[in-house]
*Asks:* 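Have a look at this one.
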2 protein chains.
Amino acid sequence: MQQLDYRPNAIAQSLASNRTNSIGIMVSELDGPFFGLMMAAIEQELRKAGKHVIITTGHSDQTREKEGIDFLISRKCDAIIAHVEAVSDEYLIEINQGKTPVYLISRYVEAIADKCVSLDNKMGGYLATKNLIENNHRDIAYVSGPMFKADAVDRLTGHKRALAEFDIPFNEELFFVGDFKETGGQQALKHFLSTNRSFTAIVCSNDEMASGAMKYAREHSISIPQELSIIGYDNVIFANYLYPRLTTITNPVDKMGSMAARLVLQDCYQLPTLAVEHLFTPSLKVRDSVYPI
Amino acid sequence: MQQLDYRPNAIAQSLASNRTNSIGIMVSELDGPFFGLMMAAIEQELRKAGKHVIITTGHSDQTREKEGIDFLISRKCDAIIAHVEAVSDEYLIEINQGKTPVYLISRYVEAIADKCVSLDNKMGGYLATKNLIENNHRDIAYVSGPMFKADAVDRLTGHKRALAEFDIPFNEELFFVGDFKETGGQQALKHFLSTNRSFTAIVCSNDEMASGAMKYAREHSISIPQELSIIGYDNVIFANYLYPRLTTITNPVDKMGSMAARLVLQDCYQLPTLAVEHLFTPSLKVRDSVYPI
DNA sequence: TTGTATGCGTTATCAA
DNA sequence: TTGATAACGCATACAA
């Protein structure tokens, strides 16, 4: 009878089997180079398993993140893959008691470690600063992201470790908390310049802020990298478009995305997975924005 | 009894009411600055109406685009919003006979004009070239996108119209078909340089290719915009990050996204909509990559 | 208005 | 193994 093209009704299947074959995705933003890559990887992995992806945004806001997750749960997703920043660890643990498992990307919560896929941001922060130090920089400014974000805290920790390893004191004057956006980088450089504290390099804890700093530098005739070296973080697409091309730390967000998808496939649908990996390692991507002195 | 928090089962609702409250979205790519904005706009509009969004990718490939749409239909989406490039007009008309309406973004198909939201690309192409001409450029090279894409064809048409309006002949030597990616821009400039035909400006039919051309120019010590003016198209986020900042044509992809979403809300869910608009108008965004001569 | 059956298109269970 | 039947949790239509 298939000749009269019979198509099973996915909704009826779901009602009867209690399985929707849909996975909820929660990201902070739909635009931005970061999440695009991540979602592309997730979607690709899931789609070839016949699953589909329902997408929601949280905008790094606690309320909206919770609403989004509620929404996905109410939609009876079989699982959720979330990149959340504002919500607490406790909430994530609690929500995972429910019947919908919530996997986390770019975040590590001890109690649900098997549901986390994260990047070793301490190592990334360490690598960035170490690269500068190995290029003989000693007076290094640091632009952090908002301190409520674990990523920002970890990257800073790595930075301090590199400093300590080379006996370089951490200087509060050369520390600035930005917003992970372009403006943050601009404000940071402006601030550093105003302290009259000299510095030869600046590590920005993401590429957007690095771009902002570069822009501010150009507007004030500070040549990069001759007068000031800059290193970013994330290796976002446009890092390669900037001039000079930005040296940065790779953030394999696509690999983390596929990994999370595969975990879901394995745990929720009993599909075989090759290797599982929970902690990803960043690496240094050398381009043109760091000069030795 | 709501105190014992009763939650309606969305699946059962769907089965009984024949309405899933889900809208399928089909885009070419999940990454890339273009689609991010578009999806963000769609999601925002739909989400506040309590609808949700199922996302699929087509990768500008005819088979995959059809598969994706089939997939969304089989998932019983109430409607589909698609940005498709490879599939034929006939197919789109035919698929719209079915019970799932599919709306088109950035594409105009006469027979289903009420389901189309598009950009006046002819006007955009015209504006770009006209701006160059008004800056006294006469020898203008043109980098097109793949000619199977309607966008590319229309932009080129606009370019030719501007040329004609000022009695400038179209020169095949200064015409190159790229891939809408960075490499396309690099190849194009390389090609133009090899013809020994002189030119003072180059219009790239999207910003990626403009970036590629700028990169190639820099590598070959051609200073922009002093020696060569460049104009792009789309006003993608990174156009503002490039150096020099790229003059370009705005493509209000976010507005088109919300418009498509509102059409769906209106047609499929009988929700009131303010003004409906089907054709959007691009405009010139002047930045730093065009110099008068 | 409030209440009660019936159907939605499957899966799963149990009997044959 | 095959075949009938009861959930699945709601809308909807109809009756009270």
Side-chain angles (χ1 to χ4, degrees), chain A residues 1-26 46-56 66-80 95-102 261 264-272, chain B residues 1-26 46-56 66-80 95-102 261 264-272:
Chain A
M1 308 261 134
Q2 279 86 328
Q3 277 74 340
L4 269 49
D5 90 320
Y6 156 77
R7 309 240 186 159
N9 182 319
I11 303 298
Q13 282 180 324
S14 298
L15 184 57
S17 66
N18 209 19
R19 214 128 239 293
T20 58
N21 291 311
S22 67
I23 289 91
I25 309 291
M26 148 124 275
L46 255 25
R47 184 83 167 57
K48 67 186 182 199
K51 313 302 176 190
H52 72 265
V53 143
I54 298 181
I55 293 189
T56 311
K66 286 187 181 179
E67 278 175 6
I69 291 182
D70 274 1
F71 185 75
L72 294 173
I73 291 176
S74 80
R75 240 58 203 201
K76 297 268 182 281
C77 292
D78 295 334
I80 291 175
I95 203 84
N96 255 305
Q97 323 276 47
K99 56 166 295 186
T100 311
V102 178
V264 170
L265 257 20
Q266 181 189 54
D267 297 353
C268 305
Y269 301 107
Q270 286 73 44
L271 296 177
Chain B
M1 307 262 140
Q2 280 85 326
Q3 279 74 340
L4 268 49
D5 92 319
Y6 158 76
R7 312 240 184 158
N9 182 319
I11 302 298
Q13 281 181 323
S14 298
L15 186 58
S17 65
N18 210 19
R19 215 130 243 293
T20 58
N21 291 312
S22 67
I23 288 91
I25 309 290
M26 147 121 273
L46 255 24
R47 182 81 168 60
K48 69 187 181 201
K51 313 302 177 190
H52 72 265
V53 141
I54 298 181
I55 294 190
T56 310
K66 287 188 181 179
E67 277 175 7
I69 292 183
D70 272 3
F71 185 75
L72 293 174
I73 291 176
S74 80
R75 240 60 202 197
K76 297 264 182 285
C77 293
D78 294 335
I80 292 175
I95 202 86
N96 254 305
Q97 322 277 46
K99 55 166 296 185
T100 311
V102 356
V264 169
L265 257 21
Q266 182 190 52
D267 297 353
C268 305
Y269 301 107
Q270 285 73 45
L271 297 177

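To find a chain, count down the sequence lines: A is the first, B the second, and so on, and within it residues start at 1. Note that the structure is predicted; figures quoted are calculated from it, not measured.
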*Asks:* Rounded to the nearest Å, what distance is computed from the CZ atom of residue A:Arg7 to the P atom of nucleotide C:dC8?
*Replies:* 20 Å

*Asks:* Heavy atoms only: give me the nearest A:Thr100-A:Ala79 pair and the separation to one decimal.
*Replies:*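 So the minimum-distance heavy-atom pair works out to CG2-CA, 4.0 Å.
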
*Asks:* Round to the nearest Å and state the distance from A:Asn18 atom CG to D:dG9 atom P.
*Replies:*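 Whole-Å distance recorded here is 7 Å.
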
*Asks:* In whole Å, I'd like the distance from the CD atom of A:Gln13 to the C1' atom of C:dT11.
*Replies:* 9 Å

*Asks:* Mind checking whether A:Thr56 and A:Arg75 have side chains closer than 4.5 Å, heavy atoms only?
*Replies:* no

*Asks:* Within the structure provided, determine whether B:Pro101 and B:Asn96 are in side-chain contact (heavy-atom separation under 4.5 Å).
*Replies:*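 When only atoms from C-beta onward are counted, B:Asn96 and B:Pro101 do touch, with a gap below 4.5 Å.
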
*Asks:* Evaluate the side-chain proximity of A:Cys77 to A:Ile54: yes if any heavy-atom separation is below 4.5 Å, no if none is.
*Replies:* yes

*Asks:* Is it the case that the side chain of B:Asp78 and the backbone of B:Arg19 share a donor-acceptor pair, with hydrogens and angles ignored and the cut-off at 3.5 Å?
*Replies:* no

*Asks:* What is the distance, rounded to the nearest whole Å, between atom NZ of B:Lys76 and atom P of D:dC10?
*Replies:*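 After rounding, the gap between these two atoms is 21 Å.
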
*Asks:* State, with a plain yes or no, whether a side-chain heavy atom of A:Ile73 is found less than 4.5 Å away from one of A:Ile95.
*Replies:* yes

*Asks:* Whole-Å distance between C:dT11 P and B:Ile11 CD1?
*Replies:* 14 Å

*Asks:* Figure out the CG/C1' separation between B:Leu15 and C:dC8, and round it to whole Å.
*Replies:* 4 Å

*Asks:* For a 4.5 angstrom cut-off between non-hydrogen side-chain atoms, does B:Leu265 reach B:Lys51?
*Replies:*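 Of all side-chain heavy-atom pairs linking B:Lys51 with B:Leu265, at least one is under 4.5 Å.
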
*Asks:* Does the side chain of A:Ile11 come within less than 4.5 Å of A:Leu15's, by heavy atoms?
*Replies:*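 The answer is no, as the side chains (C-beta and beyond) never meet within the 4.5 Å cut-off.
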
*Asks:* Where the side chain of A:Asn9 is defined as all heavy atoms beyond and including C-beta, which of C:dT10, D:dC8, D:dC10 is the nearest nucleotide?
*Replies:* C:dT10

*Asks:* Could you list, one pair per line, each protein nitrogen or oxygen that sits under 3.5 Å from a nitrogen or oxygen of nucleotides 3-7 of chain D, together with the distance?
*Replies:*
none

*Asks:* Check for a donor-acceptor pair, side chain of B:Ser22 on one end and backbone N or O of B:Val53 on the other, with a separation under 3.5 Å.
*Replies:* no

*Asks:* Given the rule that a pair is Watson-Crick or G-U wobble with both distances under 3.5 Å, how would you write DNA chain D in dot-bracket, using | for pairs to a different strand?
*Replies:* ||||||||||||||.|

*Asks:* Could you tell me the separation between the CZ atom of B:Arg19 and the P atom of C:dG7, rounded to a whole number of Å?
*Replies:*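 It works out to 22 Å between those atoms.
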
